[in-house]
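Here the structure is laid out as C-alpha cells; the discussion comes afterwards.
Below, each value reflects all heavy atoms present in this structure, side chains not excepted, and no hydrogens, waters or symmetry copies. Whatever order the structure lists them in is the order used to number ligands and atoms, beginning at 1.
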Amino acid sequence: MPIENTLSIIKPDATKRNLTGLINAKFEKAGLKIIAQKRLQLSEDMAQKFYEVHKDRPFYNDLVSFMTSGPVVVQVLSGNNAVKLNRDIMGATNPEEADAGTIRKEFAESIEANSVHGSDSLENANLEIAFFFAAVELFS
Ligand code: CMP
C-alpha cells in the first residue's frame, strides 16, 4: 500500500471542548503519524479560500463563520492509504450517519460543527497541505 500524506483539521467545536488529544489518539492508534501540526486562528479570507469549492452551496457563509469562530489545529497525517484511512476514522460528514467508533459519531455536534476535516482525494490532499505548510515543515 502506498504511503500518502493527507490534511487534517481539528475544527473549532473540538478545540473549544479540549478534544484534540482524544481525536489525535484515534489517528495514532490506527497507525497514522502526525508529521506536521500547528494551531491557528483562520482569518475570514483564509476560510473562504480553503472552502472555495463550496462557495455556491447554501451553507458556505455559515461554514466560514464557524471555521473562524475559534482556533483550529491543522496537521498532516502520513501512512499507508492515509487519505482513505483518515476519512474512515473521521466517519460520515453528518454525524447522524457516521459509524460507531468514528470521530464524528463520538464527538461531532452537527453536520457543520463536525469536529474534523480530511482531504477527500490525494490530489486535494497535496493542494490542501500546500495551503497551510511549506515542504520544509513536514517531518516524514
Ligand atoms: P468538511 O469535511 O470540512 O467539508 C466541508 C464542510 O462543510 C463539511 O465538513 C461540513 O462542516 C460542512 N457541511 C457540509 N454539508 C453541510 C450541510 N448540508 N450543512 C451545513 N454544513 C455542511
Side-chain angles (χ1 to χ4, degrees):
M1 270 189 288
I3 296 281
E4 296 174 348
N5 292 344
T6 189
L7 186 85
S8 163
I9 303 178
I10 302 180
K11 298 187 179 185
D13 66 286
T15 61
K16 279 180 187 163
R17 287 178 290 148
N18 231 9
L19 293 172
T20 60
L22 287 174
I23 287 172
N24 280 335
K26 285 189 178 287
F27 293 136
E28 292 184 332
K29 196 170 173 198
L32 290 169
K33 288 201 163 97
I34 301 168
I35 63 162
Q37 185 181 60
K38 52 194 168 192
R39 181 178 292 248
L40 51 92
Q41 169 72 49
L42 290 179
S43 66
E44 189 177 347
D45 186 53
M46 283 176 87
Q48 284 173 340
K49 284 200 178 101
F50 185 79
Y51 280 118
E52 197 163 17
V53 65
H54 295 303
K55 69 176 185 308
D56 296 326
R57 307 289 287 276
F59 57 81
Y60 178 70
N61 288 338
D62 284 346
L63 177 60
V64 169
S65 295
F66 165 64
M67 290 299 290
T68 56
S69 67
V72 296
V73 174
V74 295
Q75 51 193 13
V76 179
L77 306 178
S78 183
N80 287 329
N81 246 350
V83 172
K84 181 175 187 305
L85 179 55
N86 178 35
R87 290 179 70 81
D88 288 347
I89 298 165
M90 290 193 304
T93 304
N94 185 346
E96 290 177 11
E97 293 164 11
D99 289 338
T102 61
I103 290 169
R104 284 166 169 165
K105 185 67 174 184
E106 287 188 17
F107 302 124
E109 296 180 316
S110 67
I111 192 168
E112 176 182 85
N114 62 358
S115 301
V116 279
H117 166 82
S119 309
D120 64 2
S121 67
L122 192 55
E123 187 186 1
N124 283 337
N126 291 330
L127 294 171
E128 291 180 358
I129 290 167
F131 186 89
F132 287 110
F133 294 95
V136 293
E137 294 180 289
L138 310 185
F139 297 86
S140 53

Using modelled atom types only, decide if a donor and an acceptor are shared between the side chain of Ser65 and the backbone of Asn61 within a distance under 3.5 Å. yes
Is there a donor-acceptor pair closer than 3.5 Å between any side-chain N or O of Arg17 and the backbone N or O of Asp13? yes
Measuring from the heavy atoms of Lys11, does anything fall under 4.0 Å of ligand 1? yes
Please compare Arg57, His54, Glu112, Arg87 and report which has the shortest non-hydrogen distance to atom 11 (O) of ligand 1. Glu112
Could you tell me, atom by atom, which parts of ligand 1 come under 4.0 Å of a heavy atom of His117? 1 (P), 2 (O), 3 (O), 4 (O)
Tyr51: heavy atom below 4.0 Å from ligand 1, yes or no? yes
How far is atom 10 (C) of ligand 1 from its nearest protein heavy atom, and which residue and atom is that? Ile111 O, 3.2 Å
Just by modelled atom types, is the Val83 backbone N or O under 3.5 Å from a matching donor or acceptor in the Glu4 side chain? yes
Check the orientation of Phe132 and Phe50. Use parallel for under 30°, tilted for 30 to 60°, and perpendicular for over 60°. tilted
Return yes when Met67 approaches ligand 1 closer than 4.0 angstrom through a heavy atom, no otherwise. no
Check ion pair Lys26-Glu106 (N to O, under 4.0 angstrom): yes
Which residue holds the protein heavy atom closest to atom 20 (C) of ligand 1, what is that atom called, and what is the gap in Å? Phe59 CB, 3.5 Å
Output for pair (Arg104 CZ, Glu97 CD), nearest 0.5 Å, gives 11.0 Å
Return the closest protein heavy atom for atom 6 (C) of ligand 1 as residue, atom name and distance. Leu63 CD2, 3.8 Å
